[in-house]
Asks: 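Input: one structure, supplied below.
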Amino acid sequence: MAEGAAAAPVDPELQGSVPAVAPAVEEQPENVTVEQQMPAPAEAPAPAPAPEPAPAEAPAPAPAPEPAPAEAPAPAPAPEPAPAEEPAPAPASEPAPAEAPAPAPAPEPAPAEAPAPAPTPEPAPAAVPAPVPAPAISLAEAYRGIVKVEVVNCTPDYETPWQGGSFGRGTGTGFLVAPGLFMTNAHVVANAEKIDISLFADARRIPARVKFVAHDADLALLEIDDAKAFEGVPCLEFSEELPLLEDTVRAIGYPIGGNRLSVTRGIVSRIDTIPYAHPRNVAHLALQVDAAINPGNSGGPVLKDDKVIGVAFQGLQQANSTGYVIPMPVIRHFLQDVQDGRYDGYVDMGVQFQPLENRAMRRYYELPDNGLGCLVADVVKGASCAGALQVGDVVMAVNGLPVDATAMIELDGVRVRLEELAERSFAGDKVQFTILRGGEVQQTEATLAPLSSVRILSRQYDEAPRYVVFGGLVFQPLNFNVVQAHQVSSAFVMVELDRFTRGGESAEKEDIVLLTRTLPDEVNARVNDTGRGIVTRVNGVEVRGLAHLYSLLYPADGQPRPEYTVIELADAARPLVIDNASVDDANRRIAERYNIPEASRLK
């Protein structure tokens, strides 16, 4: 659920402060390295205790231990990661009691009755692989599909947007979800120039590329051409359900840049909607776990038993052993969205809901004290619910689900925020509201759609910065990257952002254009004291976006320029005036002096 539209358009984080939740977390000592060599064959003879009952009765129970080694390949991996996975050996310990009673009855009835209990131990080994997924694979085999992702990235320079940016390196984790296709986090491959994945105990680095990416959900799918390297490697199976509180889970990955798999174990301690650090202003459902999730774990699978219940993606820096996992509802939304070959993103109600717990407020809105109903506090103009809901409406139910006084509903047995309904919807889906308006119960309906203005408050990735340079004046579209790079005060742009995101201007304008800097030259002498400002008009024409600004500053061939270009800024005492007779020479001079290859980049 994109919260930027419904919440205040700017917050202290807009000034470049580190988000409360960041992909990095403090190092935890619980990491356990998993060896991929399988000592299973050596441990398989462990059932030797079966002959211990007595030499005379060894022939009777002998068939029971003999099938066990035959089926040992299925549970064999359990001993291999046993140091890190207490739950894995559990299935192995379950049949043990089943086999123990089998030899015990044998001596009591006498050798003649030995064949009778013989069938009892036979089903016991058959129950060992029961928890294994339909394509019966061992955990060790499944671990082969968990890969290390190594990335060379280039971070754009939004302060000097015509420059190429700075290069860096990073690592993460991914896992096989289909032949030649791997899932990881979007922040692992953001701004990637080169991606390699490597299989455990394999020296090869296999080139990969981003097939689909959802920066608003921090998920990505990578594809490779050389699928032969993973021939025979099984895909991990996704779970169909959310885990419950206190369920034991395992986070698997390559933390701190290690070359061996690491497994950490913990429990699900909370299920809640939280801000995702990668997009910054977007919140989705997440699982909080106390398994250690460190840098490098990002993108790795989190398992309950033998199924994936989520993807590790961030941790809380201010707390110990607090990691967060992207759950299956978000993953399923991403996978379903890309079925048509492109990622469209989330829809948004464009509504801010306020709890109605105060008794005086409930009496004012003529509500009984039954803990149901929340208030519509704000509606974004032009958003999905702008025609269906009004400020002051009391929402009693949505799609037939009761809404409580804290704006929560119950989905799949879990209490979640009302906005979670939009999280699991797509463009064109309809939502029915039961509301109380003017003392009367009414039914209303809204068709959900994305809210484009939310993007202005999100971090931007995988695209070069847009800009226009004219007479040494540098113009850029207002977004979070620009505000952070130029350390623009949130108070400076708050009013304009509010008009754009909540006031409906986004339906009329493509961008808010900001004058970010002035490159000194004779043509702009003594105008650089104006500092930054939001551009409102050029030669009396209201500016609708960066591309429109360019067309006003650089008229198409054959169109004459006026004698002067007059640029008006919001809250500026006077406009900027550029002499058009000398501006062309000045543009060439400035481009050479400041190494500006092009006067603009509009896409």
Side-chain angles (χ1 to χ4, degrees), residues 25 27-36 38 40 74-94 129-133 137-149 172-177 182-185 200 233-256 258 260-271 286-315 320-328 331:
V25 297
E27 183 175 350
Q28 302 295 334
E30 294 115 31
N31 285 347
V32 179
T33 301
V34 176
E35 299 286 348
Q36 287 291 351
M38 293 187 290
E80 180 234 326
E85 303 169 41
E86 293 294 340
S93 61
E94 289 175 7
V132 182
I137 61 172
S138 65
L139 287 178
E141 289 176 319
Y143 285 172
R144 292 173 57 208
I146 302 174
V147 298
K148 183 177 181 179
V149 181
T173 304
F175 60 99
L176 190 66
V177 297
F182 297 81
M183 177 167 284
T184 187
N185 284 142
F200 178 76
V233 176
C235 302
L236 290 176
E237 183 181 357
F238 287 113
S239 174
E240 294 296 326
E241 300 176 349
L242 276 172
L244 302 176
L245 293 179
E246 298 191 70
D247 278 355
T248 300
V249 296
R250 301 187 305 279
I252 310 172
Y254 292 86
I256 322 297
R260 288 175 177 264
L261 275 176
S262 173
V263 179
T264 57
R265 182 167 53 91
I267 64 167
V268 176
S269 52
R270 180 179 295 173
I271 303 174
L287 308 177
Q288 179 181 310
V289 299
D290 62 3
I293 294 178
N294 295 303
N297 270 117
S298 294
V302 178
L303 304 180
K304 175 189 171 185
D305 298 328
D306 50 15
K307 293 184 179 181
V308 177
I309 54 92
V311 177
F313 77 119
Q314 66 188 31
N320 294 326
S321 299
T322 302
Y324 292 96
V325 177
I326 300 174
M328 285 310 304
I331 296 172

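Computed over heavy atoms, backbone and side chain alike; hydrogens, waters and symmetry mates excluded.
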Asks: Working to the nearest 0.5 angstrom, can you tell me the gap between L261 CG and R144 CZ?
Replies: 12.0 Å
Asks: Within the side chain of R265, is there an N or O that forms a donor-acceptor pair under 3.5 Å with the backbone of A251?
Replies: no
Asks: How close do L176 and V233 get, heavy atom to heavy atom, and via which atoms?
Replies: CD2-O, 3.5 Å
Asks: Can you name the nearest heavy-atom pair linking F182 to G145, along with the distance?
Replies: CE2-O, 4.1 Å
Asks: Once rounded to the nearest 0.5 Å, what's the spacing between atom CD1 of I146 and atom OH of Y254?
Replies: 7.5 Å
Asks: Write down the atom of G299, the atom of N185, and the distance for their closest heavy-atom approach.
Replies: N-OD1, 2.7 Å
Asks: How would you list, by chain and number, every residue that makes a side-chain contact (heavy atoms from CB on, under 4.5 Å) with L287, sequence neighbours excluded?
Replies: L242, P243, I271, I309, V325, P327
Asks: What distance separates I252 CD1 from L303 CG, expressed to the nearest 0.5 Å?
Replies: 4.0 Å
Asks: How many angstroms lie between CG in D305 and CD in E237, if you round to the nearest 0.5 Å?
Replies: 11.5 Å
Asks: Using a 4.5 Å cut-off on heavy atoms from C-beta on, say whether the side chain of I267 contacts that of D290.
Replies: yes
Asks: Measure across A291 and G266 and return the closest heavy-atom pair with its distance rounded to 0.1 Å.
Replies: CB-N, 3.7 Å
Asks: Taking the side chain as every heavy atom from C-beta outward, state whether L244 and V268 have any pair of such atoms under 4.5 Å apart.
Replies: no
Asks: Quick check for you: to the nearest 0.5 Å, what is the distance between E241 atom CD and K307 atom NZ?
Replies: 8.5 Å
Asks: Look at the side chain of S269 and the backbone N and O of Q288, then say whether any donor-acceptor pair between them is shorter than 3.5 Å.
Replies: yes
Asks: The criterion is side-chain contact (heavy atoms from CB on, under 4.5 Å); which residues satisfy it with V177, sequence neighbours excluded?
Replies: F175, L181, M183, L221, F238
Asks: Output yes when a side-chain donor or acceptor of T184 lies under 3.5 Å from a complementary backbone atom of T173, and no otherwise.
Replies: yes
Asks: Just wondering, do Y143 and V263 contact through their side chains at under 4.5 Å, heavy atoms?
Replies: yes
